[in-house]
Protein chains: 2
Amino acid sequence: MKIEDIKKARKKAAGLLKKARIAITPREAENIEVSDFGLGDLENVGLLVVVYENNDRYCAKEIVLLPRQICPEHRHPPAGAAEPGKQETFRCRFGEVYLYVPGEATPNPRARIPKKYRPHFTVRKEIVLQPGDQYTLPPDTLHWFQAGDKGAVLSEFSSTSRDESDVWTDPRLERLPRID
Amino acid sequence: MKIEDIKKARKKAAGLLKKARIAITPREAENIEVSDFGLGDLENVGLLVVVYENNDRYCAKEIVLLPRQICPEHRHPPAGAAEPGKQETFRCRFGEVYLYVPGEATPNPRARIPKKYRPHFTVRKEIVLQPGDQYTLPPDTLHWFQAGDKGAVLSEFSSTSRDESDVWTDPRLERLPRID
């Protein structure tokens with residue numbers, strides 16, 4: 001990604017947070033994490049994140065999704081014998097989120113995946129999250145999600161985040177952004 | 001507390017959450033935790049809490065404070081050898097919160113404590129939290145807080161909550177509510 005693209009995406013994320021009436025500091029706005037997972041297709045596949053706190057016991061983030069933006073399928077594997085992998089609770093604050101987890105495939109799902117990406121989306125049980133709804137995902141569970149047409153803001157409460165160890169179904173993906 | 005007082009307090013809390021544009025489900029609204037700490041003086045000293053998630057790894061709550069309501073001084077002690085006591089991050093979402101922690105006493109603090117309660121408030125270093133501000137409290141650290149004149153909403157992200165083991169400076173206090 002180019003630094004200008006990252007700045008543009010941060011502005012859009014800040015705009016959605018404002019719409020959701022979620023206050024962030026100017027410093028947080030300047031540091032919004034922008035990931036395109038190396039695909040160079042941020043509008044369709046990407047993640048915009050304000051990390052509030054991440055320590056060795058718990059983590060809290062605000063995840064911002066642009067309209068119809070997808071966070072691709074992944075899981076959080078165990079980190080050594082003592083730590084069973086990140087467990088996380090998603091709570092919708094604004095917009096609508098379509099979350100997919102293992103289980104019987106939901107007929108007529110609401111998410112729309114561009115054709116070229118479809119082989120890397122394997123779990124198909126749909127959970128619809130509207131403001132006030134939440135879902136807790138067990139450790140090491142495959143999942144992916146997409147925002148509805150207005151975009152979305154999702155609070156994530158979890159055990160410690162170790163983004164660099166996430167396992168992506170599409171082996172090309174990289175969680176940590178590369179800046180040109 | 002009488003059940004009618006609890007219901008009234010829940011309504012006020014739901015009103016403040018609405019003002020703060022924080023969505024909760026009808027079920028959550030019916031289950032807002034109301035604590036008066038056994039003092040029977042909820043308007044001055046009390047806590048209204050929506051528990052989003054509390055598991056053996058992390059916890060997330062929305063704390064609602066009525067105008068000038070005080071959460072009295074306490075700490076979260078270690079829970080056995082492996083667990084150093086609850087660590088928590090407070091993030092202000094709405095209104096203003098005056099948080100007090102160990103350290104040099106702040107001159108002209110903004111909190112106002114009714115005279116009869118003052119002996120049980122011993123830490124006096126002030127941290128002012130406005131929307132978007134946050135503060136992480138180390139385990140086992142004395143603290144107390146009061147909302148400003150508009151009331152406040154405070155997100156709490158933390159390690160596992162074990163409210164029943166909290167240690168209160170005022171030995172009369174009880175965290176878990178008694179319902180008449």
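Chain A is the first sequence line, chain B the second, and so forth, proteins listed ahead of strands; every chain is numbered from 1. Since the structure is predicted, the reported quantities are computational estimates derived from the model, not experimental observations.
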Exercise. So which of A60(B), P131(B), S159(B) has the biggest tally of heavy-atom pairs under 4.5 Å with chain A?
Worked result: S159(B)
Exercise. For R91(B), is it the side chain, the backbone, both or neither that has a heavy atom under 4.5 Å from a heavy atom of chain A?
Worked result: side chain
Problem set entry | Other residues, nucleotides, ligands: >12 heavy atoms within 6.0 Å of R162(B) CZ | yes
Exercise. Using a cut-off of under 4.5 Å for heavy-atom pairs, which of D133(A), I24(A), T136(A) has the most such pairs with chain B?
Worked result: T136(A)
Exercise. Are any non-hydrogen side-chain atoms of T160(A) and R57(B) less than 4.5 angstrom apart?
Worked result: no
Exercise. Distance only, no hydrogens: is a donor on one side chain within 3.5 Å (strictly under) of an acceptor on the other, for T89(A) and Y58(B)?
Worked result: yes
Exercise. Between C59(A), P84(A), A20(A), which residue shows the highest count of heavy-atom pairs closer than 4.5 Å to chain B?
Worked result: P84(A)
Seminar exercise, completed: Okay, E156(B) and chain A: the region with an atom under 4.5 Å from a heavy atom over there is neither
For this session: Taking atom CD of E104(A) as the centre, report whether more than 12 heavy atoms of other residues, nucleotides or ligands fall under 6.0 Å from it.
Result: no
Problem set entry | hydrophobic_cluster_shared for V167(A) and Y117(A), side chain cutoff 4.5 Å | no
Problem set entry | Approximate separation, where rounding is to 0.5 Å, of E28(A) CD and Q134(B) CD | 6.0 Å
Seminar exercise, completed: OG (S158(B)) and CZ (F157(A)) are apart, to the nearest 0.5 Å, by 10.5 Å
Problem set entry | Under 4.5 Å from a heavy atom of chain A, the part of P139(B) involved | side chain
